[in-house]
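So you know, we letter chains A, B, ... as the sequences are listed, proteins then strands, and number each from 1.
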There are 2 protein chains.
Amino acid sequence: MSRPTVHDIAQTAGVSLATVDRVLNKRPGVRAKTISRVNDAIEQLGYVRDVAAANLARQRTYDFTCILPDAPTEFLSELRAAISESAAMTAMERMRIAVRTYPADDTHALADMMGALAKAPPDGLALMAPETPRVRDAVRRVMAAGTSVVPVVADLPTAGCGHFVGINNVAAGRTAATLLGRFLPVAPASVLVIAGSMSARDHAERRLGFDQVMAERFGHLHVMPTLECHDRGDLVTAQVTRLLSKHPGIGGVYSAGAGNHGLVQALNAAGASDRVTVIAHELTDCTRAALTDGTFDAVIAQNPGHIVRSALRVLKADVDGMETIPSQERIRTEIFLRENLP
Amino acid sequence: MSRPTVHDIAQTAGVSLATVDRVLNKRPGVRAKTISRVNDAIEQLGYVRDVAAANLARQRTYDFTCILPDAPTEFLSELRAAISESAAMTAMERMRIAVRTYPADDTHALADMMGALAKAPPDGLALMAPETPRVRDAVRRVMAAGTSVVPVVADLPTAGCGHFVGINNVAAGRTAATLLGRFLPVAPASVLVIAGSMSARDHAERRLGFDQVMAERFGHLHVMPTLECHDRGDLVTAQVTRLLSKHPGIGGVYSAGAGNHGLVQALNAAGASDRVTVIAHELTDCTRAALTDGTFDAVIAQNPGHIVRSALRVLKADVDGMETIPSQERIRTEIFLRENLP
DNA sequence: GTGAAAGCGCTAACAA
DNA sequence: TTGTTAGCGCTTTCAC
């Protein structure tokens, strides 16, 4: 017995297809009495609508674009790869995704790009960008042009746009601190924190959460001022090498940004991989290798595939005027040790 | 410019729809020359097939069933909930899922159920069951009837069925040991391991991995014999209470099975929550609460939603004779601390 | 070997 | 307020 269709409903309710469709889509122009007759039939037959067929007939396509910075970090490549991989699912749901890239830190170029977008506004925009006044204004313009905007990886709380898709970076910092504090022996030691730039909201939030937990639970550890290395491996190597020899009391490192290959290099050169406990961010070839050979002790990560799929779901729901289930769209802050590497 | 359809291909290749379809689906009865003409058109127009429309026309539906034990653990409820939640995605992909339940540990009942299934074999079966000869034979029978079988949560390596969907339990045990070993101070202490039953493959594997790492890295810790409590909270409470007072040297607990509420109760009653470090399995209301209030220190988990979706994808791919991408179907062994609870 | 035409389950003009 | 009808993109008989 195959599942009931609109025809079956029409027949048992004694109305036409069009009326069934009107009731199904809550369109006006049907007598209350007829509505309930149709609904009874729906109930009785246990009808569930074939979404694929509906979308086919509706000819609805979703035109989405992703805007990402072009910084050469591994995480960004993974994000891009995740977008390509979503192509299959994406085609099935009748959405088309365009990816655009702007020079990292050049918010002028970014604003221009978004201005151009507002000329031919897509249905939705997934945007990974720093939170500056210029960006905020550009976001407002695109939204005014009718595009749903969802911030990705880095939140844009003041732009008045959609549900943020990414991890809670304060929580990520707290997680890092908990791991570092518990992995280190209960004895005085210094802890080095490396970030890209403290003006990047996500890195600042990680540092904030990290400091909270350090103060709350690990008073015996001395947290040093943040080393800002702009996610550049060469700078990380230089600075860490310098500090490692200057402060022999360094027992832990929290790498909140990118450029981890520079950190690995500095630690190995100083022969410090064993005596220093390291927590880093994002699961990449580099951090995976460092975890495997014991240079790093834990990695905090957000799954690029989940981020992309969630952003797409959120945009689609927004365009369709549907609610999203927040608990389902929360991106998890993952923890990896050598033992649970995927 | 909307995307090209079979009509466009037919037109530019100068053939009919039917021929295009034959080429697209690699059906015989087309001259090689015509094939390449069609393929050229496909290439030239950048055609990508509309899977949803294809499935609609094809009238293909996937008839799947899930068989689960009826043990009253929270994890199983979550798994069931995940199955219901997958209904939306499931309908879209034209699959129908039936859920059947057997009395836990009653492999006779399970075998009967599977025998009945073989009478009207579904396209696919996701099976969570212990690995016994009877079960193995039942699986073989269902497979002989033409059903694709994928083992879920607990592997069935000797039954010759599909790709296992679940975590690597040896790795999970190793992860638990690493966390416990690194969280505890470097000093002699005893470690208690609680499992449901060592004849359950997953629990035995966790214990194996746990012991490996304990031996490799944490020789100063004494791992006690496994406490088998059959996932029953009351038994856990009784046994743990007894051991806690008998062995004051217990500094860590690894709870590899269910019944965690019993463990929480015993620890609280003994006032031991602070001095004992606890690692447990599965993220449930109980373990979440214990993590939040500091009774538990970490939880190792597998995501029920991922398991269900992955099992469905694997079954569908198998039925369609498609390859799955193993890396995409690997279920992650997740780690939760209080700080990164979702 | 190839093509014409009738659907799949649903939506949306346009009539009535 | 309701019904008729022609599709959406693809598959599949059945003729030629």
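Salt-bridge annotation for A/Asp320 and A/Lys316: present, with a side-chain N of the basic residue lying under 4.0 Å from a carboxylate O of the acidic one. We find that A/Glu131 and A/Arg136 are not joined by a salt bridge, their nearest charged nitrogen and carboxylate oxygen being 4.0 Å or further apart. Between B/Glu329 and B/Arg313 there is a salt bridge, with a side-chain nitrogen of the basic residue lying less than 4.0 Å from a carboxylate oxygen of the acidic one.
Side-chain contact between A/Phe64 and A/Pro122: absent, with no pair of heavy atoms (C-beta onward) separated by less than 4.5 Å.
For the pair B/Lys33 NZ and C/dT2 P, the interatomic distance rounds to 11 Å; values are reported in whole Å.
Checking A/Thr61 against A/Arg94 by side-chain atom types alone, no donor-acceptor pair falls below 3.5 Å.
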Nucleotides 2-12 of chain D: protein proximity per nucleotide (B base, S sugar-phosphate only, - neither; heavy atom, under 4.0 Å): BBB--BBBBSB
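Cation-pi geometry between B/Arg49 and B/Tyr47 is not satisfied (NZ or CZ under 6.0 Å from the ring centre, within 45° of the ring normal). For the pair A/Arg100 and A/Tyr102, the cation-pi criterion (under 6.0 Å, within 45° of the ring axis) is not fulfilled.
Axis orientation changes by 40° from one end of the helix from C/dG1-D/dC16 to C/dA16-D/dT1 to the other, with each end axis drawn from 5 pairs and the value rounded to 10°.
With hydrogens and angles disregarded, a donor-acceptor distance shorter than 3.5 Å links the side chain of B/Thr12 to the backbone of B/Asp8.
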